[in-house]
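Some notes on the structure that comes next.
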Amino acid sequence: MMTSIIFMFLILLYGYVAALSERELVATLMTGYNKEARPVRDPSKPVTVSLDVTLAQIISVNVKEQTMTTNLWIRRRWRDEFLTWNISKYDNIKTVNFKSELIWRPDIVLYNRVHEEGWSETPDTNVRVSSTGDVTWGAPVTIISSCVMDIARFPYDIQRCPMKFGSWTYNGLHLNLVNFTNKGDTVNFIRNGEWTLESFGLQRNEVVYSSDLSVTYPDVTFTVVIRRRSLYYTYYFITPGVIMCFLSLLGFFLPPDSGEKLSLNITLLLALVVFMQVVTDRLPPLSTSIPAIGTFYGVIILLVTFSSALTIFTLTLHFRGPYIRPVPDWLRSMFFLGPPKARVTVITNNKYVKHSPQSGESEETESAQRRGDLLSPALGRIEKVMNHLLDDEKKMKYKRGLEKEWKILAMKIDRCLFVVFVLALIIATGVVLGTA
Ligand SMILES: *[C@@H]1O[C@H](CO)[C@@H](O)[C@H](O)[C@H]1NC(C)=O
Ligand SMILES: *[C@@H]1O[C@H](CO)[C@@H](O)[C@H](O)[C@H]1NC(C)=O
């Protein structure tokens, strides 16, 4: 104590002789300084620390791990009542800079920080002290903060990532943390290719952690609101999906005879599943909500599957096989097929009737009858064969008619399904893009 007084006295004396240098100023300030104690003369008073954060860059946002890596410039300002001097005594030195480890520092930490290695929160940068005792301590830091991502609207999502700064050990009675500005600073923000910065606001809270309600812990929570730039996903994932859907639409116009209808749809289905897989690889395996792009692919896969099923249905209608039946009346009226084809009346095979022998008695008739008797078996056979042929012809014609009817029905159903499919596609795309 004595030596320090003498030292001070000497310094004061020297001050009269010549203005003191920065070196002596720092030496004086550090003499007897205790960096463990809060820098207040009245212990009942809190140290007011104001916090100011500049968002310099968003380095990455990891949706899968629910973390955000940012580059921040954190500035803390407080008044140290033991670091004051009279500038006229010190050659008009208004501020001095020195190592921050030499003085008391508030233990402001980011509550939701994700530590990768070590603890060191901030580099030991210099502090700037003004003659009134105002200390400014700034440091650039790269921190990973945890952030609950909501992927329900992925890839048109907006994420709100809070960063809660507060003292880890001092309560509000000892350290009063306040915000320096009314919103975060983004003047030096470096544009990010994946995200656009919507806002960087802040809020000061006082939280009660213990059972003692009078003891509050103040914190300043900065909230980074970012919107995903969706061009990448729209270009690489949504557009191919829509294009494949249009291809699948064209599938309805393929003639069933070509046999390509089904293979086209199955190929599209495979491609869609692969695309969906690529998208889901980028997302956390959350079961709380299905992202918009997942819904989109789900709906398209469903539609294409449905379309394949319908293709099978129309193919079975188109190729009726040997057991062809007429189109039922209700289907006929539903698709305006017109009146049904008349059923074939099959000519009986035993239509040939033998003439009775006692029809004529004359010679001529007798001879004629003898001729007729000779001829009639042959004629009968010929007639029989002819009737057979006619029957077959009629049957074939009828069957072809039925087939044609079924084919027309299949075509009409195909057209209806096409309209249904187009509507479903438009609605699905609209709903998905509507969330953007
Ligand atoms: C600073 O020192 C000068 C003389 O060196 C004195 O006149 C002045 O009152 C002092 N100021 C304070 C605030 O102590
Ligand atoms: C601190 O933030 C609040 C909003 O949370 C704002 O009303 C207030 O003006 C800010 N204080 C300063 C000093 O800007």
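For the numbers below, each heavy atom of this structure counts, side chains included, while hydrogens, waters and symmetry mates do not. All residue numbers in this chain count up from 1 along the given sequence.
- A donor-acceptor pair is defined here as one N or O able to donate and one able to accept, closer than 3.5 Å; no such pair exists between the side chain of K99 and the backbone of D124.
- With rounding to the nearest 0.5 angstrom, the OG atom of S145 is 13.5 Å from the NZ atom of K164.
- Taken to the nearest 0.5 Å, the OH atom of Y90 stands 6.0 Å off from the CG atom of L25.
- At least one donor-acceptor pair closer than 3.5 Å links the side chain of R229 to the backbone N or O of N192.
- Distance alone, capped at 3.5 Å, places no donor-acceptor pair between the D91 side chain and the S21 backbone.
- A distance-only check finds a donor-acceptor pair linking the side chain of N112 to the backbone of P162 [under 3.5 Å].
- Crowding of I290 atom CD1: a count of heavy atoms from other residues, nucleotides or ligands under 6.0 Å not exceeding 12.
- The local environment of CE in M30 is crowded, with over 12 non-hydrogen atoms from other residues, nucleotides or ligands closer than 6.0 Å.
- Using a 4.5 Å heavy-atom threshold, the side chains of V178 and V220 count as separate.
- With rounding to the nearest 0.5 Å, the separation of CZ in R228 from OG1 in T196 is 10.5 Å.
- With hydrogens and angles disregarded, no donor-acceptor distance shorter than 3.5 Å links the side chain of E206 to the backbone of T216.
- Taken from CG in L51 to CZ in F165, the straight-line distance is 6.0 Å, to the nearest 0.5 Å.
- Counting heavy atoms from C-beta on, the side chains of W104 and V47 come closer than 4.5 Å.
- Under the 3.5 Å distance criterion, the side-chain polar atoms of Q66 are matched with a main-chain donor or acceptor of M149.
- Heavy-atom contacts from other residues, nucleotides or ligands closer than 6.0 Å to OH of Y33 number more than 12.
- Atom OH of Y235 has 12 or fewer heavy atoms from other residues, nucleotides or ligands within 6.0 Å.
- Summarising the geometry, atom CZ belonging to R75 is positioned 11.5 Å from atom OG1 belonging to T125; distances are rounded to the nearest 0.5 Å.
- Smallest separation of non-hydrogen atoms from P326 and Y398: CG-OH, 3.8 Å.
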Q. For V225 and I158, what are the C-alpha separation, side-chain angles and deciding distance, and is it a side chain to side chain contact (heavy atoms under 4.5 Å, CB included)?
A. CA-CA 7 Å; V225 181; I158 295 175; 3.7 Å; yes
Would you be so kind as to tabulate the donor-acceptor pairs closer than 3.5 Å made by side chains of residues 241-252, with sequence neighbours excluded?
none

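- Under the 6.0 Å cut-off for aromatic ring centres, W168 and Y111 qualify, their centroids lying closer than that.
- A donor-acceptor pair is defined here as one N or O able to donate and one able to accept, closer than 3.5 Å; such a pair exists between the side chain of W85 and the backbone of I93.
- Remark: the R79 side chain and the T84 side chain contain no N/O donor-acceptor pair separated by less than 3.5 Å.
- At a threshold of 4.5 Å between non-hydrogen side-chain atoms, the residues L262 and S308 count as touching.
- Closest approach of P240 and F275 over heavy atoms only: CB-CZ, 3.7 Å.
- Aromatic pair Y233/F154: ring centres closer than 6.0 Å.
- Between V422 and I426, some side-chain heavy-atom pair lies under the 4.5 Å cut-off.
- In K64, the NZ atom is crowded: over 12 heavy atoms of neighbouring residues, nucleotides or ligands sit closer than 6.0 Å.
- Nearest heavy atom pair, residue L175 against residue I108, reads CD2-CD1, 4.2 Å.
- By the neighbour-count criterion of 12 heavy atoms within 6.0 Å, atom OH of Y236 is sparsely surrounded, having that number or fewer from other residues, nucleotides or ligands.
- Between P46 and L173, the shortest heavy-atom distance links the atoms CB-O, 3.4 Å.
- Side chain of Q57 to main chain of F189: no donor-acceptor pair is present (N/O by atom type, distance under 3.5 Å, no hydrogens or angles).
- The nearest pair of heavy atoms linking Y170 to E36 is OH-O, 4.2 Å.
- The shortest distance between side-chain heavy atoms of T54 and V187 does not fall below 4.5 Å.
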Q | From CA spacing to verdict: side chain to side chain contact (heavy atoms under 4.5 Å, CB included), F200, M163 | A | CA-CA 10 Å; F200 185 45; M163 289 191 280; 3.9 Å; yes
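- Judged by the 6.0 Å distance and 45° axis criteria, R77 is positioned over the aromatic ring of F180.
- Two residues are said to be in side-chain contact when any heavy atoms from C-beta on lie closer than 4.5 Å; L72 and L55 meet this criterion.
- Counted within 6.0 Å of CZ on R38, heavy atoms from surrounding residues, nucleotides or ligands total more than 12; the atom is thus considered enclosed.
- To the nearest 0.5 angstrom, F82 atom CZ is 9.0 Å from N34 atom CG.
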Q: For T234 and Y156, run side chain to side chain contact (heavy atoms under 4.5 Å, CB included): C-alpha distance rounded to whole Å, both residues' side-chain angles, the deciding distance at 0.1 Å, then the answer.
A: CA-CA 9 Å; T234 309; Y156 304 105; 3.3 Å; yes
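- Side-chain N/O atoms of T221 and D219 include a donor and acceptor closer than 3.5 Å.
- The two residues W78 and R105 have their closest heavy-atom pair at CZ2-CA, 4.1 Å.
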Quick one: side chains of residues 410-421, donor-acceptor pairs under 3.5 Å with protein atoms, not counting sequence neighbours, listed by atom name and distance.
from	atom 1	to	atom 2	distance (Å)
K412	NZ	F335	O	3.1
K412	NZ	F336	O	3.3
D414	OD2	K261	NZ	2.6

Q: Determine, step by step, whether L269 and I301 satisfy the side chain to side chain contact (heavy atoms under 4.5 Å, CB included) criterion, reporting the C-alpha distance in whole Å, the side-chain angles of both residues, the deciding distance to 0.1 Å, and the verdict.
A: CA-CA 6 Å; L269 210 55; I301 285 176; 4.2 Å; yes
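- Taking 4.5 Å as the limit, some side-chain heavy atom of D157 sits within range of a side-chain heavy atom of W195.
- At least one donor-acceptor pair under 3.5 Å links the side chain of D107 to the backbone N or O of T169.
- Side-chain contact check for K35 versus L102: every heavy-atom pair is 4.5 Å or farther apart.
- Counting only distance, with no hydrogens or angles, the side chain of N205 and the backbone of V207 share no donor-acceptor pair below 3.5 Å.
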